[in-house]
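Structure record follows, encoded as structure tokens.
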Amino acid sequence: MSDLDTETERTRPDLGRRSPSRGSGLRGHEALAGWLFISPAVIILGLFLVIPVAMAAWVSVSDWSGRGSPFSSTVGFVGTEHYRELIAGDGLATRDFGTSLRNNVWYVVLVVPTQTALALFLAVLVNRQVLRGRGIFRTAFFFPSVTSSVAITVLFLFLFSASGAVNNALSFLSVNGPNWFADARGVLHIILGAIGVEQGPEALAGNSFIGISWWDWFAGPSVAMSVFIIMAIFTTSGTFMLLFIAALQAAAGDVDEAAVVDGASEWQRFWYVTLPMVKPTVFTVVTLGLIGTWQVFDQIYTGTKGGPAKTTLTPAYLSYQASFESQQWGRGAAIAFILFAIIVVMTIFQRFILRERDGEPKPKRSFLSRRSGESGATSGAGAQL
Amino acid sequence: MSTVEKQAGTGTDEAGRRQQRSVNVSAGLRRQRRATVLVYALLVVLAIIYIYPFLIQVTTSFKSDPEAVAAGVRLLPQTWSFAAYQNLFLRSDFPLWFRNSVIVTLVVTLGRVFLNSLAGYALARLQFRGRAFVFAFLVAIMAVPGVVLLIPRFLVINQLGIYDSFAGMIVPLLADAAGIFIMKNFFESIPPSIEEAARIDGAGPFRIYWSVVLPMATPAVITLVILSFNGSWNELSHFIVSAQDPELRTLTKGVAQLASGGLGQGLQYPLKLGAAAIMTIPVAVLFFIFQKRIMNVTGGAVKE
């Protein structure tokens with residue numbers, strides 16, 4: 001079946017349901033079949049998605065130690081203690097959680113805009129009308145997205161090792177590269193240090209938020225974290241490039257041609273013609289990016305385990321560490337729920353923005369192209385996990 | 001541009017105008033050509049940046065340990081060494097990890113395609129009470145981010161007594177809401193008249209699904225295969241929380257452990273990079289087979 005057929009059929013999707021020739025006996029049969037068909041998937045999703053969340057909600061307000069069942073009578077209710085410990089305490093738990101939030105915020109702030117801009121840039125370059133070898137370039141940019149985060153991390157551990165390929169290449173430019181994965185200095189602190197600011201002003205250094213001082217909040221990502229930031233941009237830009245290419249191809253080329261005839265420069269055409277047309281996709285990519293970048297786990301588990309000096313600790317990894325290594329299951333579950341809340345806020349933010357532009361006519365795209373977008377997005381999120 | 005315009009202002013007769021127009025066109029062409037060269041140069045540089053690391057990964061795995069550390073950026077090894085692969089296959093659990101990954105990935109992919117398409121068909125075509133509820137349930141589930149489920153999933157797997165078993169590693173991955181929606185959307189695009197004919201011939205719902213509708217849904221099934229295969233082959237966090245038995249270690253877990261520990265002494269970059277390269281091969285092969293479908297779908301839709 002060609003895609004065009006698919007498209008025409010899509011416009012009348014309800015045909016099957018209004019089929020007139022079904023009797024009531026058949027209908028009962030059909031209802032049974034319906035439930036039989038859907039129940040395996042629903043049971044699995046319920047068992048391993050809904051019930052876990054409910055169980056974790058209980059564990060996050062209990063003092064379960066990891067031994068036996070969390071529902072046994074010896075497990076007590078401790079209320080919001082774990083949450084308070086994480087957000088408003090003054091101990092190590094708060095400091096670690098604040099540090100992990102600090103690290104992840106910088107990760108999000110640097111990765112999301114860069115990957116979006118780079119993906120759009122690559123898409124515009126690759127989507128030029130006269131371009132030989134378009135497929136090769138597209139493959140090259142997309143390839144990092146299909147590899148597993150573990151394999152990519154192993155590769156980056158090598159590339160950015162003290163005497164690795166990157167420092168090797170930098171030495172040709174007579175630059176002494178840092179010992180990337182062992183360098184805990186914040187990038188902003190390094191820059192400030194270079195212009196002679198070694199210590200933060202009292203207002204920043206003296207006051208703290210979630211266990212760490214404002215001066216440390218503004219340290220920027222550590223050098224080690226910067227490598228993960230580069231890696232995230234490297235692996236996700238290809239996926240999002242595909243989303244942008246789909247959007248560019250769905251957007252009409254004749255508007256662009258009209259702009260060419262009118263003598264608009266390349267930059268003007270990008271800014272006034274292309275960008276407004278792909279704006280919805282920009283929103284989608286930013287939202288997917290926001291959701292994905294809050295879930296950094298695999299890279300940290302494979303690469304640094306949170307070090308050096310906890311500067312690559314992320315909430316996702318901290319939650320794992322608290323539960324599985326320190327046996328602080330309540331705290332681990334509480335971290336997971338706070339992370340959940342953060343991501344839900346991001347998702348609501350997306351819904352809010354998407355609703356705003358519902359009035360605009362959407363560019364008509366084929367079913368396949370939309371699906372390709374979804375698949376790209378899913379694998380992109382996977383790559384970031 | 002501005003000089004051309006000035007010329008246009010001074011040129012008065014017909015010949016001058018014609019000449020000026022040709023100047024305009026050739027200047028435009030030249031500028032376009034220069035832009036094209038620039039774009040190509042940029043694309044080539046970017047493509048090298050994206051691909052070179054993977055080339056280094058493969059070739060470094062054939063270097064000796066000291067050479068890998070000494071000259072990281074050089075592509076070709078001075079002396080080809082297969083020590084890394086010998087260590088990997090003969091003196092480590094790598095073959096076991098590979099086997100486990102293959103088992104998990106195959107079962108998850110087959111199971112997912114079957115269960116997701118079954119559920120998708122029910123949502124698309126069958127009338128039953130509670131369908132709207134199931135639909136809402138699936139939409140809500142899609143919003144739950146994976147990493148948040150890390151600890152919760154362990155709790156349930158542990159409670160059910162399937163911790164440290166293939167069941168615990170495989171069953172939770174067998175259904176995903178996104179896959180159900182992909183199948184549902186595709187089934188809705190198939191003309192119902194075809195099923196109607198089968199129904200008149202006396203075929204039941206499962207028969208219609210299995211031998212009429214599913215064969216027509218090959219494009220969606222392939223998409224699902226790609227997503228499931230990639231997802232379960234590259235999965236790490238779920239296997240971390242569902243098993244700890246070394247016998248059940250998958251490639252992702254095993255290689256992640258290699259990355260932090262390695263086998264024996266030293267940094268052993270060739271070994272680690274070789275392991276990472278091998279674990280990339282299956283997804284890369286799948287990617288190159290279905291490249292057109294993964295990347296070119298939109299262009300195809302326009303052309304056909």
Side-chain angles (χ1 to χ4, degrees), chain A residues 2-3 6 9-10 13 15-16 30-31 33-35 37-38 40-41 44-45 48-49 51-53 55-56 125 137-138 140-141 146-148 150-151 154-155 158 163-165 168-169 246 249 295 297-298 302 316 320 323 332-333 336 339-340 343 347 366-369 371-372 375 379 382 385, chain B residues 39 43 47 50-51 53 56-57 69 72-73 115 118-119 121-122 125-128 134 141 143-153 155-156 172 174-175 178 180 182 188-189 191-192 205 223 227 230-231 234 236-237 252 255-256 259 269 272-273 276 279-280 283 287 295 297-298 301 304:
Chain A
S2 88
D3 301 318
T6 315
E9 287 306 328
R10 248 192 91 70
L15 266 182
E30 196 180 295
W35 274 109
F37 279 24
I38 205 143
I44 289 172
L45 289 172
F48 296 104
L49 256 139
I51 294 178
V53 171
M55 255 177 106
L125 278 189
F137 291 121
R138 225 165 20 174
F141 299 144
V146 299
T147 60
S148 82
V150 174
V154 169
L155 176 55
F158 169 68
S163 60
N168 214 294
Q249 289 181 345
Q295 304 191 55
F297 175 82
D298 288 13
T302 309
Y320 162 80
S323 308
L339 188 57
F340 194 9
I343 294 171
T347 314
S366 85
F367 166 67
L368 266 177
S369 73
R371 192 150 42 68
S372 84
S375 70
S379 63
L385 280 186
Chain B
V39 166
L43 278 170
Y50 273 79
I51 288 305
I56 286 190
Q57 179 180 30
V69 175
V73 79
L115 293 184
L118 209 54
Y121 181 70
R125 281 291 200 272
L126 301 178
Q127 289 289 345
F128 59 95
V134 171
I141 269 182
V144 181
V147 154
V148 170
L149 288 168
L150 221 57
I151 295 166
R153 271 221 179 120
L155 296 174
V156 167
L174 280 182
I180 294 174
I182 289 175
E188 281 176 348
S189 75
T223 304
L227 286 180
N230 244 355
N234 291 343
L236 170 68
S237 52
T252 42
V255 175
Y269 284 124
K272 295 171 187 170
L273 291 172
M279 75 186 281
T280 309
V283 283
F287 169 65
M295 302 204 309
V297 274
T298 326
E304 272 167 36

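Naming convention: chains lettered A, B, ... in sequence-line order (proteins, then strands); numbering from 1 in each chain. Fair warning: this is a prediction, and the values are worked out from it, not measured in the lab. These numbers come from the heavy atoms of this one structure, side chains and all, not from hydrogens, waters or symmetry mates.
- Of all non-hydrogen atoms in B:Leu126 and A:Ala33, the two that sit nearest each other are CD1-C, 4.0 Å.
- For A:Thr302, there are no side chain to side chain donor-acceptor pair (under 3.5 Å) partners two or more places apart in sequence or in a different chain.
- With respect to B:Val156, the side-chain contact (heavy atoms from CB on, under 4.5 Å) criterion is satisfied by exactly one of A:Ile51, A:Val53, A:Leu49: A:Ile51.
- Only the side chain of A:Phe137 comes within contact range of chain B, with at least one heavy atom under 4.5 Å from a heavy atom of that chain.
- Annotation: maximal heavy-atom pairing with chain A below 4.5 Å, among B:Leu43, B:Leu174, B:Ile51, B:Val39, occurs at B:Leu43.
- B:Leu273 touches chain A through backbone and side chain together, each having a heavy atom under 4.5 Å away.
- The greatest number of non-hydrogen atom pairs below 4.5 Å with chain A, out of B:Ala276, B:Pro145, B:Pro205, B:Ala47, is found for B:Pro145.
- Only the side chain of A:Ile44 comes within contact range of chain B, with heavy atoms under 4.5 Å apart.
- The side-chain heavy atoms of B:Ile182 and B:Leu227, taken from C-beta on, include a pair separated by under 4.5 Å.
- In this structure a side-chain-to-backbone donor-acceptor pair under 3.5 Å is missing from B:Asn234 to A:Ala151.
- Ring-plane geometry between A:Trp35 and B:Phe128 is classed as perpendicular, the angle between the planes exceeding 60 degrees on a 0 to 90 degree scale with a lower cut at 30.
- Looking at B:Thr280, the atoms closer than 4.5 Å to chain A (heavy atoms on both sides) all sit in the side chain, from C-beta outward.
- Contact annotation for B:Val255: both backbone and side-chain heavy atoms come within less than 4.5 Å of a heavy atom of chain A.
- For the side chain to side chain contact (heavy atoms under 4.5 Å, CB included) test, residues two or more places apart in sequence or in another chain that qualify with B:Leu155 are A:Met55, A:Ala56, A:Val59, A:Trp64, A:Trp329, B:Ile151.
- For A:Ile343, the part sitting under 4.5 Å from any heavy atom of chain B is the side chain, from C-beta outward, and nothing else.
- With chain B as the partner, the residue from A:Ala41, A:Pro40, A:Pro52 showing the most heavy-atom pairs under 4.5 Å is A:Pro52.
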